Amino acid sequence: AQSVTQLDSQVPVFEEAPVELRCNYSSSVSVYLFWYVQYPNQGLQLLLKYLSGSTLVKGINGFEAEFNKSQTSFHLRKPSVHISDTAEYFCAVSDQLGGSEKLVFGKGTKLTVNP
Amino acid sequence: GAVVSQHPSWVICKSGTSVKIECRSLDFQATTMFWYRQFPKQSLMLMATSNEGSKATYEQGVEKDKFLINHASLTLSTLTVTSAHPEDSSFYICSAKTGDTGTEAFFGQGTRLTVV
């Protein structure tokens, strides 16, 4: 079974500052890794995903994440945040075995960007 | 990206009644659909996985007789909360994906259920 730990429940930052949202995972098999963003009372939107290949993954809205297998981490970064980036961010994993590929989510990190 | 439409976006029902939530993939065929429940300020908890034409697979601790899932076509899955109680009040989210390995799961906008 997989598990995901998002170390920070809340991250406040000022506009135009860099941000890193941390994610660590645990799995006995190879995994796919995802970051999703959720705005209030809405579903989830995929920011980026790692399936294979380059460990540095670029996503939408200027976000990127780096897969580190030895540290079992997949931290999300953005060099300069905007007010509109204020939202809840979820890291998720799914295993590469089987057909359903169900996602296991972390508890989320609430990013608040202040002016 | 592909669109998943969830309906209704919010619903209020009385205790003891049943409520149905629909999840539709509008522009792709969803071989697999997932139903999640999200408590306030918490993560999404997978309730069940449904594949078109077969019975849903429920996660441990989820009552299959209370949360009825039907995936009758490649574009529609429904979740029916039967004999609803106030503790069933929550945010329910569906997602849908094709059968291809590693493809993205697209999420609906969620349904806020309030049982009074």
Side-chain angles (χ1 to χ4, degrees), chain A residues 1-11 21 23 25 29-53 57 59-61 67 87-112, chain B residues 1-10 21 23-25 30-52 54 56-60 62 71 90-114:
Chain A
Q2 296 86 40
S3 67
V4 177
T5 301
Q6 290 183 244
L7 297 166
D8 306 299
S9 59
Q10 297 187 55
V11 173
L21 306 183
C23 172
Y25 69 93
V29 299
S30 296
V31 296
Y32 299 132
L33 295 156
F34 306 82
W35 273 100
Y36 286 88
V37 60
Q38 183 182 34
Y39 298 100
N41 293 313
Q42 293 188 30
L44 277 68
Q45 180 182 8
L46 181 68
L47 281 176
L48 47 79
K49 61 183 177 182
Y50 171 80
L51 303 182
S52 65
V57 180
I60 63 172
N61 301 341
F67 170 54
E88 190 90 24
Y89 291 80
F90 291 96
C91 180
V93 300
S94 69
D95 63 57
Q96 294 185 15
L97 303 176
S100 67
E101 295 176 44
K102 60 185 181 182
L103 291 167
V104 175
F105 287 87
K107 292 189 175 182
T109 297
K110 182 172 176 54
L111 173 65
T112 302
Chain B
V3 178
V4 174
S5 176
Q6 201 171 328
H7 178 80
S9 56
W10 61 270
I21 302 170
C23 179
R24 293 181 183 272
S25 58
T31 307
T32 307
M33 287 186 171
F34 305 88
W35 286 95
Y36 297 85
R37 183 173 179 176
Q38 186 179 29
F39 292 99
K41 299 182 180 182
Q42 294 192 32
S43 187
L44 285 75
M45 301 299 296
L46 181 65
M47 299 173 66
T49 303
S50 73
N51 292 295
E52 184 267 339
S54 61
T57 301
Y58 289 81
E59 294 299 302
Q60 192 172 9
V62 178
H71 192 163
S90 191
F91 195 56
Y92 293 88
I93 304 177
C94 72
S95 72
K97 68 185 299 294
T98 67
D100 299 323
T101 301
T103 56
E104 176 181 352
F106 297 94
F107 285 78
Q109 72 271 33
T111 297
R112 172 75 60 193
L113 170 63
T114 302

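Proteins get letters first, then strands, A, B, ... in listed order; numbering begins at 1 in each. Just so you know, these numbers come straight off a predicted model, no measurement behind them.
For B:Leu44, the parts lying under 4.5 angstrom from a heavy atom of chain A are both the backbone and the side chain. For A:Phe105, the parts lying under 4.5 angstrom from a heavy atom of chain B are both the backbone and the side chain. Heavy atoms closer than 4.5 Å to chain A are found in the side chain of B:Gln38, but not in its backbone. Within the 4.5 angstrom heavy-atom criterion, no atom of A:Gln6 approaches chain B. Neither the backbone nor the side chain of A:Tyr39 comes within contact range of chain B; no heavy atoms are under 4.5 Å apart.
Between the CD atom of B:Gln42 and the OG atom of A:Ser9 there is a distance of 12.0 Å, given to the nearest 0.5 Å. Here the CD-CZ distance, from A:Gln38 to B:Phe107, works out to 9.5 Å after rounding to the nearest 0.5 Å. For the atom pair NZ of A:Lys107 and CE of B:Met45, the computed distance is 9.0 Å after rounding to the nearest 0.5 Å.
In this structure, the side chains of A:Leu103 and B:Phe34 stay at 4.5 Å or more apart for every pair of heavy atoms. At a threshold of 4.5 Å between non-hydrogen side-chain atoms, the residues B:Leu46 and A:Val104 do not count as touching.
One N or O on the side chain of B:Ser43 and one on the backbone of A:Gly106 form a donor-acceptor pair closer than 3.5 Å.
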